[in-house]
*Asks:* 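I have a structure here, written as C-alpha cells, and I will follow up with some questions on it.
Computed from a prediction, not measured in an experiment: that's the story for all the values here.
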Amino acid sequence: CRNERAIVALRTQEVDPPLLLVAVAAILVGSIRLHALGGVAVRSLGPQRTACDAPVVRGQELGWFEHGSTIIVIAPRGVQLCAPLRQGTVLRMGEPLLTV
C-alpha cells in the first residue's frame, strides 16, 4: 500500500508551456497505468523520469487507474475551462475540459 503519482507533460501546438496532468493514486486505490508506457503499472520507490514521445490525439484515453482516483490539471495562462464547467462539476471521459 503506497501513494503513487505520475506527472504527464502534454505538449500541444496551441499551448506553451505544456499542460501538466498529475495522476494521483492514493493508498488502497490501486495503481496508475499509462498507454504510452505499455499499460505497465506506475510504481516507484522515489522520483524518477521516463522519457516518452508518444503521440496522442484529442479525446484519446491516456491511461487508467485500477480502482479510480484523481487527476489534477495544471494549465498555463490563456487556457480556460470550457463552459459551463465550474468547480465541483462532474466530468466524464470524452467531454471537453479546456479551451485556448
*Asks:* Let me confirm one number: the CZ-OG distance from Arg5 to Ser69, rounded to the nearest 0.5 Å.
*Replies:*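 Arg5 atom CZ to Ser69 atom OG measures 7.5 Å (nearest 0.5 Å).
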*Asks:* Might you point out which heavy atoms bring Arg92 and Glu95 nearest each other, and give the distance in Å?
*Replies:*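 Scanning both residues completely, I find the closest heavy atoms to be N-OE1, 2.9 Å.
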*Asks:* Restricting to non-hydrogen atoms, name the atom on Pro17 and the atom on Pro76 that form the minimum distance, rounded to 0.1 Å.
*Replies:*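 Pro17 and Pro76 have their closest heavy atoms at O-CG, 3.4 Å.
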*Asks:* From Glu61 CD over to Leu34 CG, what is the distance, rounded to the nearest 0.5 angstrom?
*Replies:*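 The CD atom of Glu61 sits 10.0 Å away from the CG atom of Leu34.
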*Asks:* How many angstroms lie between CD1 in Ile74 and CG in Leu10, if you round to the nearest 0.5 Å?
*Replies:*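 The CG atom of Leu10 is 12.0 Å from CD1 of Ile74, to the nearest 0.5 Å.
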*Asks:* Once rounded to the nearest 0.5 Å, what's the spacing between atom CD1 of Ile71 and atom CD1 of Ile32?
*Replies:*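 Answer rounded to 0.5 Å: 7.5 Å.
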*Asks:* Side chains of Leu81 and Thr89, heavy atoms from C-beta outward: is any pair under 4.5 Å?
*Replies:*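 No, every pair of side-chain atoms sits at 4.5 Å or beyond.
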*Asks:* Ignoring hydrogens, what is the shortest heavy-atom contact between Pro18 and Arg11? Give both atom names and the distance.
*Replies:*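 Smallest interatomic distance, heavy atoms only, reads CB-CG, 3.8 Å.
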*Asks:* Say whether Leu97 and Phe65 are linked into one hydrophobic cluster, either directly or through other cluster members, by side-chain heavy-atom distances under 4.5 angstrom.
*Replies:*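 Yes, one cluster joins them.
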*Asks:* Is Leu98 close to Leu19 at the side-chain level, that is, under 4.5 Å between some pair of heavy atoms?
*Replies:*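 Side-chain contact under 4.5 Å: yes.
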*Asks:* Within this structure, what is the CD1-CD1 distance for the pair Ile72 and Ile7, rounded to the nearest 0.5 Å?
*Replies:*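 Going from the CD1 atom of Ile72 to the CD1 atom of Ile7 covers 9.5 Å.
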*Asks:* Report whether Val15 and Val8 are members of the same hydrophobic cluster (ILVMFWY, side-chain heavy atoms less than 4.5 Å apart, transitive linking).
*Replies:*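 Same hydrophobic cluster.
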